[in-house]
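Please read through the structure below; I'll follow up with questions.
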Amino acid sequence: MLMLLLASLEAEEERAALTAFYQAHNDGLFRYALSLLRNPSLAEEALSAAWVKCLEHRETFFSVPPEKRLGWMVVVVKHTALSLHKREARHGSVEELPWEPVAPAAQDPQHRQGHQDIVRMIRAMPEQYRTVLELKFLREWNSQQIANATGLTVNAVNTRISRGRKLLQEALRKEGYGDV
């Protein structure tokens, strides 16, 4: 996606600024879209559309002070995700979701510790589950990307994710995380 964004910019200064911004914030913006849509495919679609909107309004993006660009882009992602959700809801393909953003785990020490415990538990799992769960939850890849990387079918990936998730839930319960 970054290459497409950069191809439409002529000024080297703008390319450098957009590259730095994209690299610093794309993953976080994806997580935000995912927290709103609860569907990785829709979140990817929303984020891609938001980046296109960013290019369509590049004069505005570059006129915003650098320290405020993230806030501007978050609003673009939110509005794009809401529009996508409404479109999908009209077609009956998504359920109604609350639109409260999830607080980033890095700001809450308990969440950060929980995240570290989950990473540790995933890495202790049998290889067939560990790989797909790491790609799914730690790298936030979708099933198709995982299938392409591992040589598995999408159905096999989804099955391993489901079974691995159940093993992870059992491990979390044993560690005292209660109902997960």
### Query
Got a sec, which residues hit ring-ring contact (aromatic ring centres under 6.0 Å, His included) with Y129, two or more places apart in sequence or on another chain?
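For Y129 there are no ring-ring contact (aromatic ring centres under 6.0 Å, His included) partners, ignoring immediate neighbours.
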
### Query
Can you check side-chain contact (heavy atoms from CB on, under 4.5 Å) on L29 and V74, steps first, answer last?
CA-CA 7 Å; L29 291 168; V74 165; 3.8 Å; yes

### Residues that K68 engages under side-chain contact (heavy atoms from CB on, under 4.5 Å), provided they are two or more places apart
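Once residues adjacent in sequence are excluded, the partners of K68 under the side-chain contact (heavy atoms from CB on, under 4.5 Å) criterion are V64, P65.
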
### Task
Not counting sequence neighbours, which residues clear side-chain contact (heavy atoms from CB on, under 4.5 Å) with A17? List them please.
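side-chain contact (heavy atoms from CB on, under 4.5 Å) list for A17, sorted by chain: F62, R69.
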
### Query
Salt-bridged, R123 to E134, with N to O below 4.0 Å?
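Looking at R123 and E134, the cut-off is met.
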
### Query
Tell me, do W51 and L18 make a side-chain contact under 4.5 Å, heavy atoms counted?
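Side chain of W51 against side chain of L18, heavy atoms only: contact under 4.5 Å found.
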
#### Entry: With sequence neighbours excluded, residues passing side-chain contact (heavy atoms from CB on, under 4.5 Å) with L34
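L34 satisfies side-chain contact (heavy atoms from CB on, under 4.5 Å) with F30, P40, A43 only.
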
#### Entry: E140 vs K136 side-chain heavy atoms within contact, under 4.5 Å
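With C-beta onward as the side chain, the pair stays apart.
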
#### Entry: For E12, salt bridge (charged side-chain N to carboxylate O under 4.0 Å, His left out) partners two or more places apart
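E12 satisfies salt bridge (charged side-chain N to carboxylate O under 4.0 Å, His left out) with R15 only.
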
### Partners passing side chain to side chain donor-acceptor pair (under 3.5 Å) against K53 (at least two apart in sequence or in another chain)
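For K53 the side chain to side chain donor-acceptor pair (under 3.5 Å) partners, ignoring immediate neighbours, are T80.
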
#### Entry: Which atom of L84 lies closest to which atom of L42, heavy atoms considered
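Answer, listing the atom of L84 first, then L42: CD2-O, 3.2 Å.
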
### Query
Going from CG on L152 to OG1 on T131, what distance comes out if it is rounded to the nearest 0.5 angstrom?
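L152 CG to T131 OG1: 9.0 Å, rounded to 0.5 Å.
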
### Which atom of A81 lies closest to which atom of A46, heavy atoms considered
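For A81 versus A46, the nearest heavy atoms are CA-CB, 4.0 Å.
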
### Message
I'd like to check the side chain to side chain donor-acceptor pair (under 3.5 Å) partners of Q144; sequence neighbours left out, ordered by chain and number.
### Response
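Q144 satisfies side chain to side chain donor-acceptor pair (under 3.5 Å) with N148 only.
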
### Task
Quickly, which of L82, V76, V75 forms a side-chain contact (heavy atoms from CB on, under 4.5 Å) with K78? Name it, please.
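When L82, V76, V75 are each tested with K78, the side-chain contact (heavy atoms from CB on, under 4.5 Å) holds only for L82.
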
### Query
Is atom CD of E13 surrounded by more than 12 heavy atoms (other residues, nucleotides or ligands) closer than 6.0 Å?
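Incorrect, the count does not exceed 12.
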
### Message
I need the L167 CG to Q169 CD distance, nearest 0.5 Å.
### Response
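Output value for this atom pair is 9.5 Å.
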
### Message
For a quick test of reading the model, state the closest non-hydrogen atom pair linking G164 to M125 and the distance between them.
### Response
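Where G164 meets M125 most closely, the heavy atoms are O-CE, 3.1 Å.
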
### Query
Considering only heavy atoms from C-beta outward, does the side chain of H85 approach that of L37 to under 4.5 Å?
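When only atoms from C-beta onward are counted, L37 and H85 do touch, with a gap below 4.5 Å.
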
### Query
So which heavy atom on V77 is nearest to which on A50, and how close?
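Looking at all heavy atoms of both residues, the shortest contact is CG2-CB, 3.8 Å.
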
### Task
Under the ring-ring contact (aromatic ring centres under 6.0 Å, His included) rule, collect the residues that match up with H25, sequence neighbours excluded.
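Listed in chain order: F21.
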
Report, one line per pair, each donor and acceptor closer than 3.5 Å where one atom sits in a side chain of residues 153-161; sequence neighbours left out.
residue : atom : partner : partner atom : Å
T153    : OG1  : A156    : N            : 3.0
N158    : OD1  : S143    : OG           : 2.5
N158    : ND2  : V154    : O            : 3.4
T159    : OG1  : N155    : O            : 2.9

### Task
Could you tell me which residues satisfy salt bridge (charged side-chain N to carboxylate O under 4.0 Å, His left out) with E45, sequence neighbours excluded, listed by chain and number?
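In terms of salt bridge (charged side-chain N to carboxylate O under 4.0 Å, His left out), with neighbours along the sequence ignored, E45 is linked to R87.
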
### Message
If we check side-chain contact (heavy atoms from CB on, under 4.5 Å) with L168, which of these qualifies: M121, R163, R173?
### Response
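Looking at M121, R163, R173, the match for L168 under the side-chain contact (heavy atoms from CB on, under 4.5 Å) is M121.
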
### Query
Which residues satisfy the side chain to side chain donor-acceptor pair (under 3.5 Å) test with R165, sequence neighbours excluded?
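Residues passing side chain to side chain donor-acceptor pair (under 3.5 Å) with R165: none at all.
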
#### Entry: Test side chain to side chain donor-acceptor pair (under 3.5 Å) applied to E44 - qualifying residues, sequence neighbours left out
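N142.
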
